[in-house]
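Beneath this line is the structure, given in structure tokens, with notes to follow.
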Amino acid sequence: MPDQNVDIVRELYRSIQWLFDDDAGDAMRLGIDDPAAAIRDFPKVGHVVGFMTEDVTWKTVFAPEPVIGREAVVQLISEWMEVMAQWRVVDEVFTDVAKDVVLGDVKAVQSGRESGVPIEQPLFITYTMRDGRIARYWEFFTRDEALASLEPPGGEHAPSR
């Protein structure tokens with residue numbers, strides 16, 4: 001399962017990139033009023049959320065609180081795409097760090113829709129898997145923060161739930 005978990009995370013990134021290169025992305029950039037309809041009507045949006053559990057918890061470094069559920073993730077991605085003209089992962093390393101936990105060391109280049117200025121953003125992301133899907137996606141600015149989030153009180157690395 002460990003290699004399969006890494007493959008699932010890699011495929012998630014490929015699928016999100018497809019949204020930037022597709023009609024579904026054009027629709028998402030206009031804003032999503034009904035995330036359930038976007039999942040139903042745009043196969044690539046449905047494909048992206050298919051990598052997630054129904055109750056996925058998704059936390060970015062740019063939002064104060066995590067969002068919960070596939071529809072909330074679609075809404076979050078839609079809001080992000082409204083302000084981003086482009087987004088590309090230029091470097092990625094995914095490693096199994098615990099049972100059903102993948103650590104991503106990801107560098108993305110994105111440019112704002114209004115400024116057009118490219119920004120390189122390194123992130124460390126923990127992906128907690130459940131039944132072959134991403135149940136928890138949590139972003140951090142440093143590797144140490146990401147690994148500390150997996151640390152139970154006084155113990156070895158393990159997913160926090």
Side-chain angles (χ1 to χ4, degrees), residues 1-29 32 35 38-40 42-63 66-81 83-111 118-151 157-161:
M1 212 51 168
D3 289 338
Q4 182 180 4
N5 288 339
V6 168
D7 291 343
I8 290 166
V9 170
R10 276 197 184 101
E11 187 59 29
L12 171 71
Y13 279 90
R14 285 188 201 103
S15 298
I16 291 173
Q17 183 61 59
W18 292 339
L19 291 179
F20 272 89
D21 302 333
D22 186 79
D23 292 344
D26 292 340
M28 289 184 76
R29 278 190 275 283
I32 296 293
I39 292 167
R40 181 189 64 239
F42 295 102
K44 288 187 178 176
V45 175
H47 183 74
V48 168
V49 300
F51 293 105
M52 305 168 202
T53 61
E54 291 284 338
D55 63 343
V56 63
T57 301
W58 192 280
K59 173 72 172 89
T60 73
V61 294
F62 304 107
V67 298
I68 298 172
R70 290 176 172 180
E71 291 180 12
V73 172
V74 169
Q75 187 67 46
L76 182 71
I77 292 173
S78 173
E79 291 167 5
W80 173 52
M81 291 180 76
V83 297
M84 290 294 143
Q86 69 114 315
W87 175 85
R88 292 252 182 259
V89 171
V90 294
D91 192 20
E92 63 182 38
V93 177
F94 298 109
T95 309
D96 283 298
V97 292
K99 183 180 185 313
D100 291 328
V101 178
V102 174
L103 175 67
D105 177 350
V106 176
K107 189 180 301 175
V109 175
Q110 52 208 2
S111 61
I119 298 169
E120 190 172 281
Q121 180 64 61
L123 291 172
F124 295 87
I125 305 159
T126 59
Y127 310 84
T128 304
M129 311 299 287
R130 184 174 69 230
D131 300 325
R133 295 179 193 266
I134 298 166
R136 183 177 181 267
Y137 170 103
W138 217 264
E139 293 179 349
F140 301 90
F141 286 117
T142 71
R143 179 181 178 85
D144 288 343
E145 290 174 314
L147 291 174
S149 77
L150 304 174
E151 197 71 38
H157 290 293
S160 58
R161 299 200 192 241

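Along the sequence shown, the residues carry numbers beginning at 1.
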Which residues pass the salt bridge (charged side-chain N to carboxylate O under 4.0 Å, His left out) test with D55, not counting sequence neighbours? R130
Could you pull out all residues at least two apart from E145 that satisfy salt bridge (charged side-chain N to carboxylate O under 4.0 Å, His left out)? none
Given side chain to side chain contact (heavy atoms under 4.5 Å, CB included), test I8 with Q4 step by step and report yes or no. CA-CA 6 Å; I8 290 166; Q4 182 180 4; 4.1 Å; yes
When the ring planes of Y13 and F94 are compared, do they come out parallel, tilted or perpendicular, using 30° and 60° as the limits? tilted
So, for F124 and A146, which heavy atoms are closest and what is the spacing to 0.1 Å? CB-CB, 3.9 Å
Closest approach of S15 and H47, non-hydrogen atoms and distance? OG-CD2, 2.9 Å
May I ask you to decide if D105's main-chain N or O and R143's side chain share a donor-acceptor pair within less than 3.5 Å? no
For the pair E139 (side chain) and V61 (backbone), establish whether a donor and an acceptor sit closer than 3.5 Å, ignoring hydrogens and angles. yes
Distance in Å, [X] [atom1] paired with [Y] [atom2], rounded so as to fall on 0.5 Å steps:
X	Y	atom1	atom2	value
F62	Q121	CZ	CD	4.0 Å
S149	R136	OG	CZ	5.0 Å
T126	Y137	OG1	OH	9.5 Å
K99	M129	NZ	CE	11.5 Å
D131	T53	CG	OG1	9.0 Å
I125	W138	CD1	CH2	13.0 Å

Under the side chain to side chain contact (heavy atoms under 4.5 Å, CB included) test against L12, which residue among I134, D7, V49 passes? I134
Between V73 and M52, is a side chain to side chain contact (heavy atoms under 4.5 Å, CB included) present by the stated rule, with each step listed? CA-CA 10 Å; V73 172; M52 305 168 202; 3.8 Å; yes
For D91, side-chain contact (heavy atoms from CB on, under 4.5 Å) partners two or more places apart: K107
